[in-house]
Each structure stands twice: as structure tokens, then as C-alpha cells.
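Data block below; observations after.
Predicted model, so just to flag it, every value in this text is computed and none were measured.
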Amino acid sequence: MVDSAVHHYPADGVIVTWDGSICRHFAVCVRQLPEVFDTARRPWVQPENADPARIVATVRACPSGALQIEAASGMFAASGEGDDSHQ
């Protein structure tokens with residue numbers, strides 16, 4: 001069963017969102033930043049464990065676009081900016 005809810009994981013300066021309905025489980029995030037993205041933990045996303053700049057870089061590497069960053073000013077695309085290959 002696919003998780004269709006968008007989950008929010010807040011920390012100082014950054015909110016990571018994850019859309020399970022579009023995630024393809026390539027695990028780029030888990031390999032690139034395991035201190036934040038760890039499927040063995042609950043919650044599996046813990047953005048307080050890394051610098052927001054590193055989190056943004058990892059989220060941008062998400063090939064499906066399931067991960068996004070939400071800032072205090074609102075949502076901005078952080079995955080595949082300028083690249084529509086994940087669509």
C-alpha cells in the first residue's frame with residue numbers, strides 16, 4: 001500500500017516534507033545523509049541532526065521529488081530544480 005499523505009518533519013530553519021505516494025525508494029537520501037534519513041528510526045526523517053544546507057542539498061538529489069523543503073516563507077521546490085527528469 002502506498003502512503004498518500006505528505007509528512008512534515010520540522011527543525012530549526014527547515015521543514016522536510018515527504019510524499020510517500022511518489023517516493024520510488026531509490027534511497028539516495030539514506031545513503032547521502034544517514035544521520036537525517038534512516039528508515040530504521042522513527043520518525044525516519046530527523047532534520048535536527050544536520051545543517052539545513054546539507055539537508056537541502058540531499059533533498060535536491062531526490063530523483064522522484066518525494067522530498068521537498070518548506071521554509072518559513074512557504075514551500076519552495078528543492079528537488080530537481082531546473083531538471084524535470086523526475087516527472
Side-chain angles (χ1 to χ4, degrees):
M1 179 171 196
V2 175
D3 186 355
S4 62
V6 175
H7 300 272
H8 294 77
Y9 303 94
D12 288 340
V14 66
I15 300 170
V16 177
T17 65
W18 176 69
D19 185 343
S21 69
I22 62 173
C23 182
R24 297 296 171 247
H25 305 287
F26 290 116
V28 171
C29 57
V30 173
R31 288 190 304 274
Q32 190 166 320
L33 200 60
E35 60 268 36
V36 172
F37 303 97
D38 183 347
T39 59
R41 283 190 314 237
R42 293 295 176 258
W44 79 279
V45 179
Q46 297 183 5
E48 66 276 5
N49 292 342
D51 179 70
R54 292 181 63 212
I55 296 169
V56 169
T58 299
V59 168
R60 284 184 175 153
C62 177
S64 69
L67 291 170
Q68 297 290 314
I69 296 293
E70 189 174 304
S73 62
M75 187 94 166
F76 65 92
S79 179
E81 287 183 348
D83 175 11
D84 60 5
S85 63
H86 65 274
Q87 295 178 351

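- Shown here for Glu35 and Asn49, the closest heavy-atom pair between the two residues is O-ND2, 2.9 Å.
- Between Pro52 and Asp12, the closest heavy-atom pair is CG-O, 3.9 Å.
- Note: Trp44 and Tyr9 have perpendicular aromatic rings, judged against thresholds of 30 and 60 degrees for the angle between ring planes.
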- Query: Run the side chain to side chain contact (heavy atoms under 4.5 Å, CB included) check on Ile69 and Ile15 step by step: do they pass?
  - Reply: CA-CA 6 Å; Ile69 296 293; Ile15 300 170; over 6 Å; no

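- The minimum heavy-atom distance linking Ile55 with Ala50 is given by the pair CD1-O, 3.7 Å.
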- Query: So Val36 and Val45, side chain to side chain contact (heavy atoms under 4.5 Å, CB included) or not? Walk me through it.
  - Reply: CA-CA 5 Å; Val36 172; Val45 179; 4.2 Å; yes

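- Closest heavy-atom contact between Val16 and Pro47: CG2-CB, 4.0 Å.
- At a threshold of 4.5 Å between side-chain heavy atoms, the hydrophobic network of Ile, Leu, Val, Met, Phe, Trp and Tyr places Val56 and Trp18 in one connected group.
- Minimum heavy-atom separation, Cys62 to Leu67: SG-N, 3.7 Å.
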- Steps toward side chain to side chain contact (heavy atoms under 4.5 Å, CB included) verdict (Phe37, Val59): CA-CA 10 Å; Phe37 303 97; Val59 168; 4.3 Å; yes

- Message: Applying side chain to side chain contact (heavy atoms under 4.5 Å, CB included) to Gln46 and Asp38, what does each step give before you reach the verdict?
- Response: CA-CA 8 Å; Gln46 297 183 5; Asp38 183 347; over 6 Å; no

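- Arg31 places a side-chain N or O within donor-acceptor distance of the main-chain N or O of Phe26, the cut-off being under 3.5 Å.
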